[in-house]
Amino acid sequence: MTPRSLLRLVLAGAVAAGGFAAATAPANASKAPKTVPVRLLALNDFHGNLEPPTGSSGRMVDENGATVEAGGAAYVATHMKALSDKNTIAVAQGDLIGASPLISAAYHDEPSVEFMGKIGLKVAAVGNHEFDEGYTELRRIMKGGCHPVDGCSPAGTWKGAQYDYVGANVLFKNPNEKTDALAALGAPQSQVKKLMSDWGVPALPPVSVKWMNGVPIGFIGLVTQTTPNIVTADGIKNLKFVDEVKAANLASKLLKLVGVKAQVVLVHEGDQVTAGQSPDACSAVPGAGNRIATQVDPEIDVILSGHSHQAYLCKVKDPAGQDRLYSQGGSFGRVITKVDLNVNVKTRDIDRASVVADNQVVTRTVTPDPEISAFVQTWKDRVAPVANKPVGRITADITNTAAPSGESPLGDLIADGQLAGTKTGGNAQIALMNPGGVRASLTFAGSAAGEGDGVVTYGEAFTVQPFNNLMQVVTLTGAQLKTVLEQQFTGGPNAQPFTKILQPSANFTYTYSSGAAWGSKVSNMKIDGVAVTDAQTIRVAANNFLVGGGDAFLGFKDGTDLWSGPLDIDAFVDQLGRDNPIAPPATTRITVTP
Ligand SMILES: [Zn+2]
């Protein structure tokens, strides 16, 4: 249970806060309020990138507008060391694990969590991807123990994360879920109980308190409330993800109750930016992240965000009209956000005017940290027999960059593999792939040194399809298929936050009108050149995430005669071996009209 977390944190905060007050009361009072410095170093959306990420995932626009190579655990470690001083607390905003390359994923991301401990991480918000393998597995990652199916990793029994995972808006659905968190609270028990009475049972510690230079800093964890739409349903079926603002405000009160007024939100939700900006610019387009950053309680001083994989430093107004930092540090370990601030030792609050933030690009022109290099190499060696196995060849880069229609060459190729892998047994007629699940591009140069010959290794294929989703097939009517395709667009019921075009197999073509009203955008659906009628039934292949209604494609849930087949990565690897070499598919399956 997480109960221990909530109660221990609050308890620790209460005791420590009390002790602090007693100790500082007889002050050697100078007139100016005494402040102490605190430095936060923040990472988000690392996604298991122990090795330097390749392609566009490994490039970053720096403060001078130059595009530079960035990321890689050993470089992150060097930069973290260089940026750390004695006032430093390292924190993270989620998605440290999940959707990760094979070197991490093959061991259920234990290597990445261990790495984060090695570089001194103290607190991390959970991201949606922390739930990729389900809540039970997240608990194992937090607490330790070997994997129930795959057993212990080559490193032995997993010892658990060396940092706290926090998530204030993650609750158990069952209001009677067993927890001793609140009952065991000491002095503030009645108040905490009162505070929590109409809230719910926390599934994770909502807050973590870290002391620095004699002052407590409270960290509130939040994860996007859209998590149930973007995570496989089965693993989180006992959980609910509630409004981030409400949860943050309750957590803020909880911190205040134990005397913690320097409050930092670590939120796995963020906004999009204009491309090509300096990481220190504020080009974030106000969206879900901005809503949280502007609306949470004025007691909260700093908002460090994640999820959208963008870099920005913004100053927003809190509900009391005061400036508040709202930032994010890109993704894949390419940026570390450095935040310097002063805490008033008397009020224990952050002096907002003192907050200075800087997004530091994790360049590769520094010496990689030798200890972390060796650590990464150890895991590389362990996974090498699997990772380096060639599985196919390509004639040119096959990217996940969307054409104007929303199709990408790699998305199309994956869909083709999914159809081929589900015809036998599942009787699939077409396949549809969610674009967000195409996690990286295949580059002709490859990631292995000296490769450069179009060879695709299993490790590279896995980086593209890292979820270990199952391929499934369901029967939809022509009308239901059209509904699914309408659900690609914003504006309808349970609308998409932005258009998400499913990647179709080569034998499925259709037209959409960008200007037409939601519900009548899609027309001219054809399978193998034959028009689809409303009444006909079609066997549609997709991964279990989509079939479960993921990404707000609720239409899949109307499917019948569910069949489960191979893993998506296996279907993809088979496809890569089918033609030798493979040319990038032309993105002509979808036609767009005004
Ligand atoms: Zn995320």
Side-chain angles (χ1 to χ4, degrees), residues 42-49 53 57 71 91-101 104-105 109 112-113 116 121 123-135 137-138 141 165-170 204 220-233 235-236 239 241-244 247-248 265-273 284-285 287-293 303-312 326-335 337 400 434-440 463-469 496-498 500 543 545-546 548 550-552:
L43 275 168
N44 60 278
D45 296 87
F46 180 70
H47 287 293
N49 279 267
S57 299
V91 298
Q93 298 95 263
D95 281 8
L96 297 176
I97 59 174
S100 45
S104 185
D109 285 314
S112 293
V113 176
M116 287 294 160
L121 186 67
V123 194
V126 287
N128 50 296
H129 282 289
E130 265 77 13
F131 295 92
D132 277 354
E133 295 186 45
Y135 173 70
E137 170 64 5
L138 172 59
I141 286 297
Y165 263 119
V166 285
N169 65 329
V170 187
L204 292 169
I220 299 168
L222 298 171
V223 57
T224 174
Q225 61 176 311
T226 66
T227 296
N229 300 334
I230 50 180
V231 167
T232 301
I236 54 162
L239 303 181
F241 295 78
V242 301
D243 178 61
E244 302 95 346
V265 156
L266 307 174
V267 55
H268 189 74
E269 179 63 277
D271 291 326
Q272 299 300 321
V273 299
V285 183
N290 182 278
R291 182 188 78 94
I292 298 162
I303 317 285
L304 306 177
S305 74
H307 188 52
S308 59
H309 293 198
Q310 307 296 346
Y312 49 80
Y326 167 47
S327 70
Q328 189 178 160
S331 62
F332 309 140
R334 291 177 294 175
V335 175
T337 305
N400 62 356
N434 54 306
V438 188
R439 300 302 292 189
T463 303
V464 174
Q465 289 277 269
F467 292 106
N468 280 318
N469 281 322
Q496 298 288 355
F498 51 90
K500 290 178 185 163
N543 61 41
F545 166 71
L546 273 181
D551 260 349

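We're numbering straight along the sequence, starting at 1. For ligands, and for the atoms within them, numbers begin at 1 and follow the listed sequence.
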Practice task
Indicate yes or no: at least one non-hydrogen side-chain atom of Thr232 is less than 4.5 angstrom from one of Phe467.
Solution key: no
Completion exercise
side chain to side chain donor-acceptor pair (under 3.5 Å) test vs His268 passes for just one of Thr224, Asn128, Asn44, namely Asn128
Handout entry: Which residues share a salt bridge (Lys or Arg N to Asp or Glu O under 4.0 Å) with Glu133, sequence neighbours left out
Key = none
Practice task
Quick one: pull up NE2 in His307 and CG in Leu222 and give me the separation to the nearest 0.5 Å.
Solution key: 13.0 Å
Fill in the blank from the handout: At a cut-off of 2.8 Å, protein N/O/S around the Zn ion (ligand 1) gives Asp95 OD2, Asn128 OD1, His268 NE2, His307 ND1
Problem - Phe46 backbone acceptor or donor facing Asn49 side chain under 3.5 Å - result: yes
Fill in the blank from the handout: Between the CZ atom in Phe332 and the CG atom in Asp95, the distance rounded to the nearest 0.5 Å is 9.5 Å
